[in-house]
Amino acid sequence: KLPETLELMFDVVLNPEFPEKELGILKKRRASDFMRRQDSLQQIAGATLTKNFYAGHPYGHLDIGTPESVEKMTAADLASFHKKFFQPQAATIIVVGGRSVDELKKLLDPFVKAWPKGDLADKAMAQPAAASLTRIEAEALTLSLTDERTGRNWTVGDGRLTIENR
């Protein structure tokens, strides 16, 4: 069944579809996710920590986007993103099972050759700068973070966020 599975997988990768109706459903789900996250101190604290720990780096962005970015997203945006980033030089194909490397190469070769190489640079994403958060305090439902490098403090408690500079 591996040949059929690979054929289906590469069809999805090489010929994606982004129906507006499905995008509308996804946007509604994400809106609900954002509302739920606002009711969770753990989610607020995690998002705050990630944003500040990886400030200025793509890791600092929420993986589900923001309410504004999701609302503005179009099928054309998704197609453009796919075309720009789903390229063979940026892909890793992982196959697990009882097949030899030679057999897998033979099965994968036609699909990989059919995958047009784009203009995406062959370079890795820069590593985030070393974080300087040196103290994390948690008390009941309050989380306090201090960035010794910049002197900024973040406190998340009772669902509210306060940022202050020393």
Side-chain angles (χ1 to χ4, degrees), residues 1-133 136 143 145 147 149 154 156:
K1 295 193 180 211
L2 183 58
E4 294 85 1
T5 302
L6 290 173
E7 187 173 338
L8 177 61
M9 181 191 80
F10 276 95
D11 183 47
V12 169
V13 169
L14 296 174
N15 305 298
E17 295 180 7
F18 304 101
E20 289 289 345
K21 181 179 178 181
E22 296 297 321
L23 181 57
I25 292 169
L26 175 67
K27 286 181 175 185
K28 287 178 183 174
R29 284 185 190 153
R30 285 291 186 252
S32 294
D33 290 343
F34 290 124
M35 290 176 62
R36 252 190 319 278
R37 285 173 176 248
Q38 291 304 312
D39 291 336
S40 167
L41 184 59
Q42 183 179 8
Q43 290 290 333
I44 294 168
T48 302
L49 177 62
T50 299
K51 179 181 176 184
N52 291 289
F53 195 77
Y54 295 112
H57 189 273
Y59 288 175
H61 300 289
L62 288 175
D63 58 348
I64 67 167
T66 65
E68 298 78 20
S69 68
V70 170
E71 184 57 37
K72 291 190 317 187
M73 188 184 312
T74 66
D77 294 333
L78 296 175
S80 176
F81 181 88
H82 182 275
K83 184 177 181 178
K84 182 175 181 180
F85 292 106
F86 281 68
Q87 297 181 19
Q89 68 271 28
T92 301
I93 299 170
I94 300 171
V95 182
V96 178
R99 305 269 182 147
S100 71
V101 172
D102 289 337
E103 187 179 2
L104 289 172
K105 284 182 180 179
K106 187 186 263 185
L107 286 169
L108 289 168
D109 193 50
F111 298 110
V112 173
K113 285 183 177 177
W115 193 353
K117 185 174 180 177
D119 58 2
L120 186 65
D122 291 327
K123 60 182 178 182
M125 182 188 316
Q127 292 298 312
S132 61
L133 291 175
I136 298 177
L143 174 67
L145 307 169
D147 184 335
R149 180 187 57 196
W154 299 274
V156 179

query: Are Pro116 and Leu14 side-chain neighbours, meaning at least one heavy-atom pair lies under 4.5 Å?
result: yes

- request: Indicate the atoms forming the closest heavy-atom contact of Ala90 with Phe85, along with that distance.
  value: CB-O, 4.1 Å

Atom of Val70, atom of Ile64 and distance for their closest heavy-atom approach: CG2-O, 3.5 Å

- prompt: Is there side-chain contact between His61 and Thr50, with heavy atoms separated by less than 4.5 Å?
  reply: no

- line: One should read off an interatomic distance between Phe34 CZ and Gln43 CD, to the nearest 0.5 angstrom, of 11.0 Å

- prompt: Which pairs, with at least one residue in residues 73-85 and sequence neighbours excluded, count as a side chain to side chain donor-acceptor pair (under 3.5 Å)?
  reply: Thr74-Asp77

query: Heavy atoms, side chains only, cut-off 4.5 Å: are Leu23 and Phe18 in contact?
result: no

message: Distance check, rounded to the nearest 0.5 Å: Ser69 atom OG versus Arg30 atom CZ?
response: 10.0 Å

Side chain to side chain, Phe10 and Thr5, heavy atoms closer than 4.5 Å: no

query: Do you know the tightest heavy-atom contact between Met73 and Lys27?
result: O-NZ, 2.8 Å

List the atom pairs, donor and acceptor, that lie under 3.5 Å between side-chain atoms in residues 98-112 and the rest of the protein, sequence neighbours left out.
residue, atom, partner, partner atom, Å
Arg99, NH1, Glu103, OE2, 2.9
Ser100, OG, Glu103, N, 3.0
Asp109, OD2, Lys113, NZ, 3.1

Distance (rounded to the nearest 0.5 Å) between Lys51 NZ and Leu62 CG: 9.0 Å

task: Could you tell me whether Arg36 and Asp33 have a side-chain N and a carboxylate O separated by less than 4.0 Å?
output: yes

field: Any side-chain heavy-atom pair of Glu17 and Val12 under 4.5 Å
entry: no

- prompt: Quick one: CD1 on Ile25 to CD on Glu20, what's the gap to the nearest 0.5 Å?
  reply: 12.0 Å

query: Leu8 versus Leu6: any side-chain heavy-atom pair under 4.5 Å?
result: no

